[in-house]
Number of protein chains: 2
Amino acid sequence: MNQPGSEPIPPLWEPKPLTVREESTAEVVSVYEVAPRDGLQAETVVLDTDLKTEFCERLWASGVSNLEVTSFVPPAWIPQLADAEDLAARLEIPDRNDSAVALVPNIRGLERAYAAGFRAVAAVASCTESFARANLNTNAPGTLARVCDIASAANSLGISVRGYLSMAFGDPWEGHVDPARVADLTATLYEAGCQQIALGDTIGTATPGHVRAVLRAATSAGVPTSALALHLHDTYGLALANVYSAMEEGITTFDASAGGLGRCPYAPGAAGNLATEDLVWLLDGLGVETGINLDDLVATSLWFSAQSGRPAPSRVVSAYAARLAV
Amino acid sequence: MNQPGSEPIPPLWEPKPLTVREESTAEVVSVYEVAPRDGLQAETVVLDTDLKTEFCERLWASGVSNLEVTSFVPPAWIPQLADAEDLAARLEIPDRNDSAVALVPNIRGLERAYAAGFRAVAAVASCTESFARANLNTNAPGTLARVCDIASAANSLGISVRGYLSMAFGDPWEGHVDPARVADLTATLYEAGCQQIALGDTIGTATPGHVRAVLRAATSAGVPTSALALHLHDTYGLALANVYSAMEEGITTFDASAGGLGRCPYAPGAAGNLATEDLVWLLDGLGVETGINLDDLVATSLWFSAQSGRPAPSRVVSAYAARLAV
């Protein structure tokens with residue numbers, strides 16, 4: 001019999017989740033990748049268009065099938081995204097129009113996005129007055145009206161529209177947001193022609209029961225589950241528990257940002273967007289198909305982090321990086 | 001009508017989860033706090049007994065009711081915990097014996113813990129050969145036999161025993177661990193007199209379906225749900241999603257470490273223990289009673305982090321710290 005410790009220790013395993021299917025969750029989930037737009041918009045540095053181009057190309061090559069590429073805001077508003085037309089041209093967006101989305105702030109932005117070849121756009125409305133005034137330069141009903149106008153014009157052009165509802169759970173000034181109010185706004189956007197409405201936990205305070213309450217209120221207001229997406233932040237570590245409870249409610253589209261790129265503007269230093277790698281780890285473990293190759297995605301985030309100098313707060317990316325450093 | 005932006009922005013809200021009860025989860029959960037033992041054992045620095053004493057006192061004052069205070073290992077093994085008797089004396093452990101637990105590696109450790117006033121102990125067995133040989137200086141069956149011996153002796157003394165099963169999901173060398181094997185080992189410890197068995201996701205690879213599979217295998221092997229606890233790591237960001245799925249399986253005891261103290265020894269730089277604050281945020285949101293005051297606990301972790309120079313990787317603590325710094 002061998003003495004304890006007498007055998008050499010084998011090399012470390014490369015960890016992967018064990019796949020155990022659950023009947024309560026869908027077999028396929030759409031991951032909506034927001035790093036190039038939402039992640040970079042939150043950064044103060046302006047990155048080269050070359051670097052953004054390669055970042056998007058690598059994300060698609062990793063299996064990302066829904067990529068929010070940029071935003072057609074007036075360049076003076078967000079200098080980080082002022083190269084929207086140039087980026088779209090380099091990415092040959094007209095050949096990508098099943099998998100590329102542009103954010104647009106108004107009809108002028110929609111026209112620019114359409115001219116650049118985008119056939120899917122997204123637009124932001126606010127559930128709260130505070131956020132509308134602080135970030136969207138109007139009041140809350142004004143943000144709704146703007147998205148409804150964009151949806152109408154976009155549908156006339158034959159392109160799809162995603163409506164974001166920011167602050168659908170908590171607001172940095174107003175606190176908890178009434179789920180019934182969120183449900184009404186969701187129904188308004190759906191009836192106005194948004195094919196998808198992404199409910200944003202912009203400050204990350206939601207917990208699973210709260211998520212279920214908002215989703216149930218929205219479906220009770222007449223919005224089908226298939227038209228709902230969740231845009232969750234990991235500020236308090238709850239994003240994946242919330243994803244899991246939403247999957248049990250039938251939700252099949254989740255936003256995420258490669259590497260966890262993007263901060264929380266109301267708590268600098270805290271975590272922001274849910275990291276795509278962490279989401280894919282969960283979904284791989286549940287045997288849910290996403291089309292994304294986790295190793296390729298982690299490699300993309302590590303490469304982008306090295307190139308851009310931006311840290312990747314994703315737990316999965318951090319663990320991979322730590323293992324590679326051993 | 002007010003012009004947009006014409007009103008002053010009010011002060012920032014102090015975020016808290018909105019409480020929404022779910023019928024599928026218990027009304028009360030026990031949080032088993034491991035920071036003073038598991039957290040500090042993972043650190044390379046040796047901290048003053050004064051500091052540890054105040055840390056434990058503050059944790060109890062924050063509402064922690066199950067605290068693993070220290071380990072009665074031979075001082076040469078783990079210099080960080082060599083002050084076990086001194087710490088126990090300062091904490092007046094005989095008056096705390098409902099809420100203080102000591103880890104013991106063997107019968108000698110049990111005797112020392114008993115003499116120091118502890119009336120609850122914990123002991124570690126390994127599901128895998130690799131971990132047993134690398135960390136516990138014997139083989140896997142040897143670790144089981146040792147815990148069974150401790151359980152028998154402890155029960156004779158009239159004190160309770162918690163058995164840890166390390167590497168109950170993945171092993172850093174062997175990879176995925178067979179749930180049926182974990183279930184057998186859990187039943188062995190339960191039959192040997194362990195009142196509670198804590199299943200350890202020591203490298204943090206578990207996902208919700210995997211957690212359910214292990215829990216169901218253990219209950220099928222005859223161990224009641226009430227005797228099971230989960231010791232989860234957040235290495236890949238899955239700890240809270242796993243907690244939530246385990247709550248749906250009826251589990252009511254979860255381990256956590258204040259501030260997220262403690263690293264992953266197999267991936268330095270990666271996250272280790274689930275942070276108690278993140279767990280309490282989830283439970284507060286679900287309306288589950290823990291007895292812990294989140295603000296007091298965060299203050300304790302921020303204080304300890306400042307005193308010890310150790311970062312607190314908890315998402316909640318990071319967000320509080322970021323907000324306080326604005």
Side-chain angles (χ1 to χ4, degrees), chain A residues 4-5 7 9-10 12-13 15-18 20-22 130 133-134 137-139 142 170-176 203 205 207-210 212-213 234-238 240-241 243-245 264 266-271 275 278 281-282 285-287 314-316 318-319 321-323 325-326, chain B residues 4-5 7 9-10 12-13 15-18 20-22 130 133-134 137-139 142 170-176 203 205 207-210 212-213 234-238 240-241 243-245 264 266-271 275 278 281-282 285-287 314-316 318-319 321-323 325-326:
Chain A
E7 292 171 17
I9 298 290
L12 285 173
W13 177 52
K16 285 282 177 293
L18 177 68
V20 181
R21 270 293 299 155
E22 293 208 309
S130 301
R133 288 159 191 259
N137 203 32
T138 179
N139 54 20
D171 176 273
W173 298 278
E174 298 175 30
H176 300 306
I203 61 170
T205 59
T207 45
H210 188 180
R212 288 187 201 265
D234 205 31
T235 320
Y236 299 93
L238 266 293
L240 286 183
V243 165
Y244 184 67
S245 69
C264 178
Y266 307 102
D278 301 7
W281 188 285
L282 168 68
L286 293 170
S314 156
R315 295 282 200 214
V316 169
S318 299
R323 191 163 49 77
V326 168
Chain B
E7 293 171 15
I9 298 290
L12 285 172
W13 178 51
K16 285 283 178 294
L18 176 70
V20 181
R21 270 293 300 156
E22 294 208 309
S130 301
R133 287 160 192 256
N137 203 32
T138 179
N139 53 20
D171 176 271
W173 298 279
E174 298 173 32
H176 300 306
I203 62 169
T205 60
T207 45
H210 189 179
R212 288 187 202 266
D234 205 32
T235 320
Y236 300 93
L238 266 294
L240 285 184
V243 165
Y244 185 67
S245 69
C264 177
Y266 306 102
D278 301 7
W281 188 284
L282 168 68
L286 293 170
S314 158
R315 295 282 199 213
V316 170
S318 299
R323 191 163 48 78
V326 169

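Naming convention: chains lettered A, B, ... in sequence-line order (proteins, then strands); numbering from 1 in each chain.
Looking at A:Arg212, the atoms closer than 4.5 Å to chain B (heavy atoms on both sides) all sit in the side chain, from C-beta outward. Only the backbone of A:Asp171 comes within less than 4.5 Å of a heavy atom of chain B; no side-chain atom from C-beta onward does.
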So B:Leu12 and A:Trp173, side chain to side chain contact (heavy atoms under 4.5 Å, CB included) or not? Walk me through it.
CA-CA 5 Å; B:Leu12 285 172; A:Trp173 298 278; 3.6 Å; yes
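Under the 3.5 Å distance criterion, the side-chain polar atoms of B:Trp281 are matched with a main-chain donor or acceptor of A:Thr205.
Distance check: A:Glu22 CD to B:Thr207 OG1 gives 8.5 Å after rounding to the nearest 0.5 Å.
Top candidate by heavy-atom pairs under 4.5 Å with chain B, chosen from A:Pro17, A:Gly142, A:Ala213, is A:Pro17. Interface summary for chain B: among A:Gly285, A:Ala241, A:Gly175, the most heavy-atom pairs under 4.5 angstrom belong to A:Gly175.
Shown here for B:Leu18 and A:His176, the closest heavy-atom pair between the two residues is N-CE1, 3.1 Å. A pairwise comparison of heavy atoms in B:Leu286 and A:Pro208 identifies CD2-CB, 4.2 Å as the closest pair.
Annotation: side chain of B:Leu240 is not in contact with side chain of A:Leu240 (no heavy-atom distance under 4.5 Å).
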